[in-house]
Amino acid sequence: MSKYNPQQFDDIRPYYDSEIPAAMERIVNSDFFGLLCTYVYPGKNPEDVKKMMLSFQTIRDFQLEVMRCVNEQVIARSMTSFTYSGVEKLDPNKKYLFISNHRDIMLDACLLQYILYRNGHETTEITFGANLMSSPLVIDIGKANKMFRVERGGNMKDFYMSSKNLSEYIRYVLTEKGQGMWIAQRNGRTKDGKDQTDQGIIKMFCMSEPTDKIKALSELNIIPVSVSYEWESCDILKALELYESRYSKYIKKPGEDLNSILTGIAQPKGRVNFTFCDQITEADLHQFDNCTNNEYHRAVAQLIDKRIIEAYQLTPNNYIAHDLRYGQQLYRDHYTDEELNAFQAFMERLNTFDIAEPDVLKDLYLGIYANPIDSKLALKGNENEKM
């Protein structure tokens with residue numbers, strides 16, 4: 001017998017298959033449908049695309065015919081290579097909670113779905129911040145793509161209730177609904193290149209199984225996923241946000257999230273890699289039997305960080321940024337003159353912004369690329385050791 005009433009999740013869940021035809025009707029009648037067609041199906045008659053989408057009856061139809069093409073266009077247009085490893089370790093009969101570092105608003109989760117589909121696995125449900133559900137079109141596309149709403153902010157009582165509801169929904173999806181799930185290791189994207197799991201996320205997972213902290217996590221089948229971009233998605237935008245938020249809370253501008261989504265999709269990304277790390281097993285968790293709950297949440301977060309950071313794929317840009325930031329040539333054998341010149345030419349865009357402290361902005365920008373090296377060094381326990 002189910003522990004949960006599925007109707008309690010109606011305010012956050014993705015669409016059911018029965019809701020897909022109406023959603024497709026709204027999408028094809030959107031003012032932006034022509035623009036979407038041009039990107040996803042270049043050379044195709046929009047009327048033919050419209051007819052195809054109106055024939056969809058299930059989420060699977062939408063994902064395999066539309067989202068698959070979206071991913072293929074993004075890979076073809078903005079990446080020099082797209083690689084992944086570790087997917088062979090996944091059991092097709094198990095449902096996993098994939099926890100990844102978060103560098104791009106949309107692509108981290110969408111590309112993961114593409115990898116799963118290409119390798120014979122079912123796609124997962126995807127967390128989707130309520131702040132991104134800014135228009136009916138975004139809501140329809142998101143919820144038709146197995147995205148579910150995650151509330152952020154609010155007073156302490158509201159935050160507790162939404163966290164508890166989210167925790168119960170995650171457990172319901174994985175243990176009863178029979179779906180996998182993707183969630184970022186923290187709220188919001190990593191802006192500074194430091195991939196750190198928020199222990200509050202681990203605490204939230206445990207809220208729906210409060211009497212057994214080991215079972216609370218082991219039955220979720222947690223798989224850390226390490227996502228690496230050669231050219232960081234929205235790097236300039238992230239550096240500007242870091243610059244503006246040094247002394248006061250950063251307030252997003254109207255349309256900023258949509259701009260980040262579009263920039264992340266279109267911006268050249270060079271080499272992109274996804275690595276599926278080893279599962280967080282029950283044996284892993286039993287290492288922390290004698291921890292307090294707070295210590296347990298922190299220890300598990302650090303274990304996830306360790307696997308993500310170890311698997312992170314460094315590129316010449318990381319080594320270049322580290323050398324430039326620290327005024328050295330420690331990693332000079334990791335990049336060519338051509339790669340150095342390309343990175344410095346890209347950095348010239350920072351000079352177009354009229355700001356009081358341009359050197360600070362440049363340091364923040366370099367940190368986005370240099371910090372993954374420092375994270376790996378910190379894991380090795382010797383900041384002076386060369387990678």
Under 4.5 Å between side-chain heavy atoms, hopping through other hydrophobics if needed: is there a path connecting F148 to I139? no

Verify the cluster assignment for M204 and I223: are they in a single hydrophobic cluster under the rule of side-chain heavy atoms below 4.5 Å apart? no

Would you call P21 and Q57 a side-chain contact if the rule is heavy atoms closer than 4.5 Å? yes

Under 4.5 Å between any side-chain heavy atoms of K50 and N29, yes or no? yes

Could you tell me whether D91 atom CG has more than 12 heavy atoms of other residues or ligands within 6.0 Å of it? yes

Got a sec, which pairs hit ring-ring contact (aromatic ring centres under 6.0 Å, His included) with one end in residues 199-224, sequence neighbours left out? none

Any chain of hydrophobic side-chain contacts (each under 4.5 Å) joining I115 to Y96? yes

Do I12 and N165 come close enough that some side-chain heavy atom pair is under 4.5 Å? yes

Can R325 be said to sit on top of Y365's aromatic six-ring, NZ or CZ under 6.0 Å from centre and within 45° of the ring axis? no

Starting from the C-alpha separation in whole Å, work towards a yes-or-no answer on salt bridge (Lys or Arg N to Asp or Glu O under 4.0 Å) for K3 and E176. CA-CA 9 Å; K3 288 172 57 178; E176 295 188 18; over 6 Å; no

Test the R13-Y16 pair against the cation-pi criterion, namely NZ or CZ under 6.0 angstrom from the six-membered ring centroid and within 45° of the ring axis. yes

Can you see whether F346 has R349 sitting over its ring - NZ or CZ less than 6.0 Å from the centre and within 45° of the normal? yes

Classify the angle between the aromatic ring planes of F98 and F276 as parallel (below 30°), tilted (30 to 60°) or perpendicular (above 60°). perpendicular

Does the ring centre of Y319 sit less than 6.0 Å away from the ring centre of Y369? no

Show your working on side chain to side chain contact (heavy atoms under 4.5 Å, CB included) between N273 and S226 and close with a plain yes or no. CA-CA 8 Å; N273 175 266; S226 187; over 6 Å; no

Do I141 and V150 belong together in a cluster built from hydrophobic side chains that touch within less than 4.5 Å? no

Lys/Arg cation over aromatic Y296: K213, 6.0 Å, 45° cone: yes

Determine whether K215 and E282 satisfy the following criterion, salt bridge (Lys or Arg N to Asp or Glu O under 4.0 Å), listing intermediate values before the conclusion. CA-CA 8 Å; K215 179 184 177 184; E282 189 170 340; over 6 Å; no

Would you say the side chain of Y41 lies within less than 4.5 Å of the side chain of M52, judging by non-hydrogen atoms? yes

Y312 and N101: CA distance, side-chain angles, deciding distance, side-chain hydrogen bond (donor to acceptor under 3.5 Å, both in side chains) verdict: CA-CA 10 Å; Y312 191 89; N101 55 332; 5.7 Å; no

Take H121 and Y117, measure what ring pair (Phe, Tyr, Trp, His ring centres under 6.0 Å) needs, and give me the verdict at the end. CA-CA 5 Å; H121 295 274; Y117 155 74; over 10 Å; no

Distance under 6.0 Å and angle within 45° of the ring axis: does R246 meet both against Y243? yes

Within residues 178-197 or reaching into it, pairs that qualify as ring-ring contact (aromatic ring centres under 6.0 Å, His included) - sequence neighbours excluded: H102-W182

Could you go through K146 and Q113, starting from their C-alpha distance and side-chain angles, then the distance that decides it, and tell me whether this counts as side-chain hydrogen bond (donor to acceptor under 3.5 Å, both in side chains)? CA-CA 10 Å; K146 290 190 179 180; Q113 309 309 308; over 6 Å; no

In sequence, state the C-alpha distance, the side-chain angles, and the governing distance for D305 and Q302, and then conclude on side-chain hydrogen bond (donor to acceptor under 3.5 Å, both in side chains). CA-CA 5 Å; D305 290 349; Q302 289 172 344; over 6 Å; no

Exactly one of D192, D108, D195 clears salt bridge (charged side-chain N to carboxylate O under 4.0 Å, His left out) with R103, and that residue is D195

Could you check whether Y169 and F9 have their ring centres less than 6.0 Å apart? yes

Test log, rule salt bridge (Lys or Arg N to Asp or Glu O under 4.0 Å), inputs K164 and E168: CA-CA 6 Å; K164 186 172 184 295; E168 291 176 347; 2.7 Å; yes

